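What follows is one structure encoded as structure tokens, with my remarks underneath.
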There are 2 protein chains.
Amino acid sequence: MAEGLGRRERKKQQTRRTLIETAARLFNERGYDATGVADVAEAADVTKRTFFLHFPTKEDVLLSDGPARVELALRVIDERAPQAPPREVLAEAIHAMIADTASRELPNGMAALRARLMVDSPAVQARVLRAVFTAQARIAEALRAAYPETLDRATAASVVGAAVGAVCAAAMASLQDGDAPEATSEAMRQAAAIALHAFDALGEESR
Amino acid sequence: MAEGLGRRERKKQQTRRTLIETAARLFNERGYDATGVADVAEAADVTKRTFFLHFPTKEDVLLSDGPARVELALRVIDERAPQAPPREVLAEAIHAMIADTASRELPNGMAALRARLMVDSPAVQARVLRAVFTAQARIAEALRAAYPETLDRATAASVVGAAVGAVCAAAMASLQDGDAPEATSEAMRQAAAIALHAFDALGEESR
DNA sequence: AATAAAAGTATACCTGGTGTAGTAAGTTAC
DNA sequence: GTAACTTACTACACCAGGTATACTTTTATT
């Protein structure tokens, strides 16, 4: 996406990629807490200050694909609503995010690393949860905005919260059981299916 | 609870209470980021080191009642399961937590302060979400353990994740709308009712 | 009264993160 | 082609959250 953006932009993206890869490698080798930002910068041959010009915190280097995934979900909602009913639109948005995670962050091992670091680093766990929470809020708002007559804020927040909460909890449980990637994404899909029954609680016209 | 525990323990609890009250007051007056741990310690007439002997991080001083609330939910599950069906047991546990929040942390303003700080301090938001996530995991495990034949880990994680996710999302939405405390707790109860329909997705014997 | 345990003190230190000013490379205009 | 403008990056000083260590003082035990 957007390739020919001049040498300056290309070098910037290169620095960014190098920082991400270097950080992932060092976190893997030495552990998260034992790897300082200074170490990552040193190994990537830039200064510590440059790291923070690319990522607001140490944890954010693990979340590079997050924003794109949220945009994906918002695009699905924008394209499918309000022709399709809320339940189907939300289902498709959630499934798009699950598929995106499986295709972009399983090959390079980023999802697995993040899941592992989440278990034994409070800071990583906190950052990931905050990203999920923010994404959830944006999706809920987009869904409400797509059906302004039939969905209020609290209801939209509830059904999206239920879906996202269920999917995340199932993913964590699966990963802690040591499941293979395919088993984990299947568990996420099943959790979504279960949570989407929250729509059964709503009136006919809100589903 | 447990009053006569000797002068030493009483003084320790007194120091702890003073730190909590002082921190809450200063956060209110000057804002969270503008108040350093050193300031809180100074105002409470102890050293910075003493603060960290009572609370592992600056954020934790806002979460003092959290653990007790989780224990409450676990006790409800322990007492009511497996006689009552999973759906009812989870509903009662959630309602107990909502009621406890409303009764213990609305009078002293702690809930309101925490909600406010959560909005404009990433660190507070992160810590609160992490606490919720941990609580959710413990409740899911307790529920699964109470019905070992009929609930697997992923399913338990899904329904609890749905319920907790919905309640939290609804609470945040309500608080950001500036609702009064009673309106917020009502929104939480409604969200729980909606999310508990996730049980409809399960087989007859798992509900 | 003597001893042990534990809360709190004093102080130095580490690391994540920011402010500021400057350099050098890349881009744009003449 | 060169001058002028941007901007990614550097260098360095600094702050706040959090930890390690060694010490003092109060409470509990016998």
Side-chain angles (χ1 to χ4, degrees), chain A residues 2-20 22-23 26-27 30-64 117 120-128 130-131, chain B residues 2-20 22-23 26-27 30-64 117 120-128 130-131:
Chain A
E3 290 290 335
L5 276 177
R7 174 174 289 139
R8 178 184 278 168
E9 187 64 20
R10 265 179 285 138
K11 287 203 171 183
K12 185 181 175 183
Q13 292 307 319
Q14 179 56 43
T15 302
R16 182 185 169 84
R17 261 195 308 274
T18 304
L19 281 170
I20 293 173
T22 305
L26 292 185
F27 291 164
R30 310 182 195 171
Y32 183 79
D33 288 329
T35 307
V37 174
D39 299 329
V40 175
E42 173 86 11
D45 201 31
V46 295
T47 59
K48 190 181 75 164
R49 199 71 185 79
T50 296
F51 180 96
F52 286 110
L53 289 175
H54 282 273
F55 307 100
T57 74
K58 180 185 176 185
E59 293 82 39
D60 279 78
V61 76
L62 294 167
L63 296 174
S64 48
L117 296 183
D120 48 41
S121 165
V124 174
Q125 190 179 84
R127 184 62 190 89
V128 172
R130 208 161 66 79
Chain B
E3 291 289 338
L5 276 176
R7 174 174 290 138
R8 177 184 279 170
E9 187 63 18
R10 265 179 285 137
K11 287 203 172 181
K12 185 181 175 184
Q13 292 306 320
Q14 178 57 43
T15 303
R16 182 186 169 84
R17 261 195 307 273
T18 304
L19 281 169
I20 293 173
T22 305
L26 292 185
F27 291 163
R30 310 182 196 171
Y32 184 79
D33 288 331
T35 308
V37 174
D39 299 329
V40 176
E42 174 86 11
D45 200 32
V46 294
T47 59
K48 191 180 73 164
R49 195 71 184 79
T50 296
F51 179 96
F52 287 110
L53 289 175
H54 282 273
F55 307 100
T57 75
K58 181 185 177 186
E59 291 82 38
D60 279 77
V61 77
L62 293 166
L63 297 173
S64 49
L117 297 183
D120 48 41
S121 165
V124 174
Q125 190 179 82
R127 184 63 190 91
V128 171
R130 207 161 67 79

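Fair warning: this is a prediction, and the values are worked out from it, not measured in the lab. In what follows, chains carry the letters A, B, and so on, assigned in the order in which the sequence lines appear, proteins first and then strands, with residues in each chain numbered from 1.
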In this structure, how many angstroms lie between the C1' atom of D:dT10 and the CG atom of A:Leu53, rounded? 10 Å

Could you tell me how far apart A:Arg8 (CZ) and D:dC9 (P) are, to the nearest whole angstrom? 10 Å

Nucleotides bounding contact with chain A, strand DNA chain C, heavy-atom threshold 4.0 Å: C:dG16 to C:dT27

Euclidean distance, atom NZ of residue B:Lys48 to atom P of D:dC15 [Å, nearest integer]: 13 Å

Rounded to whole Å, please give me the gap between CZ in A:Phe51 and C1' in D:dA11. 19 Å

Minimum-distance pair of heavy atoms, taken over all atoms of B:Phe51 and B:Thr57: CE2-O, 3.8 Å

Measure OH/B:Tyr32 against P/D:dA16 and give the value in whole Å, please. 14 Å

Among side-chain atoms of B:Gln13 and B:Arg10, is any donor-acceptor pair under 3.5 angstrom? no

Could you state the CZ-P distance from A:Phe52 to D:dC12, rounded to the nearest angstrom? 18 Å

Can you tell if the side chain of A:Arg30 reaches within under 4.5 Å of the side chain of A:Asp39, non-hydrogen atoms only? yes

Could you say whether B:Val46 or A:Arg49 is positioned toward the 5' end of DNA chain C, judged by the nucleotide with the nearest heavy atom to each? B:Val46

Quick one, B:Leu62 and B:Arg127 - any side-chain contact, counting heavy atoms below 4.5 Å? no

Just the rounded figure in Å: distance from P of D:dT27 to CD of B:Gln14. 14 Å

Should B:Tyr32 and B:Glu59 count as side-chain neighbours, where that means a heavy-atom distance under 4.5 Å? yes

Using whole Å, what does the distance between atom P of nucleotide D:dT29 and atom CZ of B:Arg7 come to? 13 Å

Will you find, in the side chains of B:Thr18 and B:Thr15, an N or O donor that is under 3.5 Å from an N or O acceptor? no

Across the strands shown, which category fits B:Lys11 at heavy-atom distances under 4.0 angstrom: base, sugar-phosphate, nothing? sugar-phosphate

